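A short write-up of the structure that comes next.
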Amino acid sequence: MNRGRTLDDPIELARLVPSSELDELIASIRKALGCSMAIHDLKGRRLAGDDGAGPPRRPIEHAGDPLCQLAASGDNADAALSLAAETLELLVHHAHARDLAAATHEEAMRVTFGELTEHNQRLQRAVTRLEELDRLKSNFLATMSHELRTPLTSVIGYAEMMAEGLAGPVSTEQRDYLTTILGKADQLLGLITAVLDVSSLESGQLALDRSALSLADVVASEVATFQPQAGRRGIAIQLEAQSDGVVVGDRKKIRQVVSSLLSNAVKFTPDHGKVGVAVRTGPLGPSTTSESPLGVQLVVSDSGIGISRDQVAKIFEPFFQVDSSSTRAFGGTGLGLTLAKAYVEAHGGRIWVDTSPGQGSIFVATFPLVEATS
Ligand SMILES: Nc1ncnc2c1ncn2[C@@H]1O[C@H](COP(=O)(O)OP(=O)(O)OP(=O)(O)O)[C@@H](O)[C@H]1O
Ligand SMILES: [Mg+2]
């Protein structure tokens, strides 16, 4: 950006006052006083007027600086020179004021632009720093999870060996303790694995081990796993498989999706409620236009507490739990749905929910349909 003019710069008449205004001035004086006149710059070059006015003879100053020279000939030459000098002074005064206002404006713009540039640079530095921190955090999570898992598998292994009596006979009380140790260690292992999975998601390392599998089979086996704990709370899990649901995907990850949705349905449904699981063919996405491609749908519905509209948008975010108070009735870390969504989407499917508080929830996860070859 150019530096603006300041009050101290010398003024050039030709730059300040347009030649049309000078021509007009000369014409009106000629008309009023009937004499010939001209305006010259400081080097004697004519800016306006005619030759007949003769050589310049009246210097004009503005704010103490020489500005231009006037020439006039004829009967009223002196009056014409005085009138022209006064009028020029007015013209220059206005023009100079305009010029200074523009310069001030330009200077203000320059300062604002400079401040904005500096502000942007500061923001950019902060973003770079945050990205670096985020990368460090993901690396740290991945390393920590890995380091925690290794000793934990030993704890589980030795506890299992003791429970099996490999280290000598175990009393009933000792077996109870070992069962609790194993249960808690499994819970911890699940949590560490979930954190490790989320950190590998964040660093973009989600690899799928694909094979053709029946979603209905995976669902049936997960339902069987959850049936006992649901049964203890009087919750019946209804399974309805309308489709074999052949999917090409990563069995472990798909099992985790099913398990996550089932675990939530059971967890957030009060005792004696209902949970339903269905595998069927349906639209791949939540919109039901006739063009939407078909997919295999896993539908998990419950008669539980439901989720309010403003919370629904957040439940797929890492670590988000609707009730995050310390007196929270339900366990978990808030990673289940984050992972489920990432896994479903990595398979080319979608996941969504239809829910409202007190009315239960219907979670739908879809996978692209593969025609079974028989
Ligand atoms: N079926 C459901 N009914 C009511 N609320 C639900 C349901 N499923 C999920 N939510 C809400 O969404 C939140 C996030 O679910 P998510 O599965 O990610 O975490 P979590 O179950 O709390 O913990 P984690 O799955 O890691 O053990 C839950 O804490 C709960 O508030
Ligand atoms: Mg969960």
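Starting from 1, each residue takes its place in the sequence as its number. Both counts, for ligands and for their atoms, begin at 1 and track the order of listing. On a predicted model such as this, the values are computed, not experimentally measured, just so you know.
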Residue Gly334 vicinity, atoms of ligand 1 by number, heavy atom under 4.0 Å: 18 (O), 19 (O), 20 (P), 22 (O), 23 (O), 24 (P), 26 (O)
Relative to the heavy atoms of Lys267, which atoms of ligand 1 are at a distance of less than 4.0 Å? 20 (P), 21 (O), 22 (O), 23 (O), 27 (O)
Can an N or O of Phe268 be found at a distance shorter than 3.5 Å from an N or O of ligand 1? no
Nearest heavy-atom approach of Thr355 to Ile307 is OG1-N, 3.0 Å
Heavy atom of Ser361, distance to ligand 1 below 4.0 Å: yes
Using a plain distance cutoff, I'd like to know if Asn264 has any nitrogen or oxygen under 3.5 Å from a nitrogen or oxygen of ligand 1. yes
Per-atom filter on ligand 1: closer than 4.0 angstrom to a heavy atom of Gln321 are 20 (P), 22 (O), 23 (O), 29 (O)
Does atom CZ of Phe320 have more than 12 heavy-atom neighbours, drawn from other residues, nucleotides or ligands, at distances under 6.0 Å? yes
Tightest non-hydrogen contact, residues Leu284 and Gly349, listed as CD1-CA, 4.4 Å
How about Asn264: does one of its N, O or S atoms come closer than 2.8 Å to the Mg ion (ligand 2)? yes
Among Val322, Thr355, Asp323, which one has a heavy atom closest to atom 31 (O) of ligand 1? Val322
Tell me, with the steps shown, if Glu132 and Arg135 meet salt bridge (charged side-chain N to carboxylate O under 4.0 Å, His left out). CA-CA 5 Å; Glu132 170 70 6; Arg135 205 179 48 74; 3.2 Å; yes
Note: ligand 1 atoms sitting under 4.0 Å from heavy atoms of Leu337 are 9 (C), 15 (O), 16 (P), 17 (O), 18 (O)
Nearest non-hydrogen partners of Ala216 and Val279, listed with the distance: CA-CG2, 4.1 Å
Numbering as shown, the atoms of ligand 1 that approach Phe320 to under 4.0 Å (heavy-atom distance): 13 (C), 14 (C)
Under 6.0 Å from the NZ atom of Lys137, do we count more than 12 heavy atoms belonging to anything else shown? yes
So, for Ser36 and Ala53, which heavy atoms are closest and what is the spacing to 0.1 Å? OG-N, 3.3 Å
Is the number of heavy atoms from other residues, nucleotides or ligands under 6.0 Å of Tyr158 OH greater than 12? no
Can you sort out which atoms of ligand 1 are near Phe363, meaning under 4.0 Å from one of its heavy atoms? 1 (N), 2 (C), 7 (C), 8 (N)
Side chain, backbone, both or neither: which part of Thr333 comes within less than 4.0 Å of ligand 1 when only heavy atoms are counted? both
Here the pair of heavy atoms bringing Val300 nearest to Ala265 is CG1-CB, 3.7 Å
Min N/O separation Ile305 to ligand 1 under 3.5 Å: no
Which bit of Thr269 gets closer than 4.0 Å to ligand 1, counting heavy atoms only: side chain, backbone, both or neither? neither
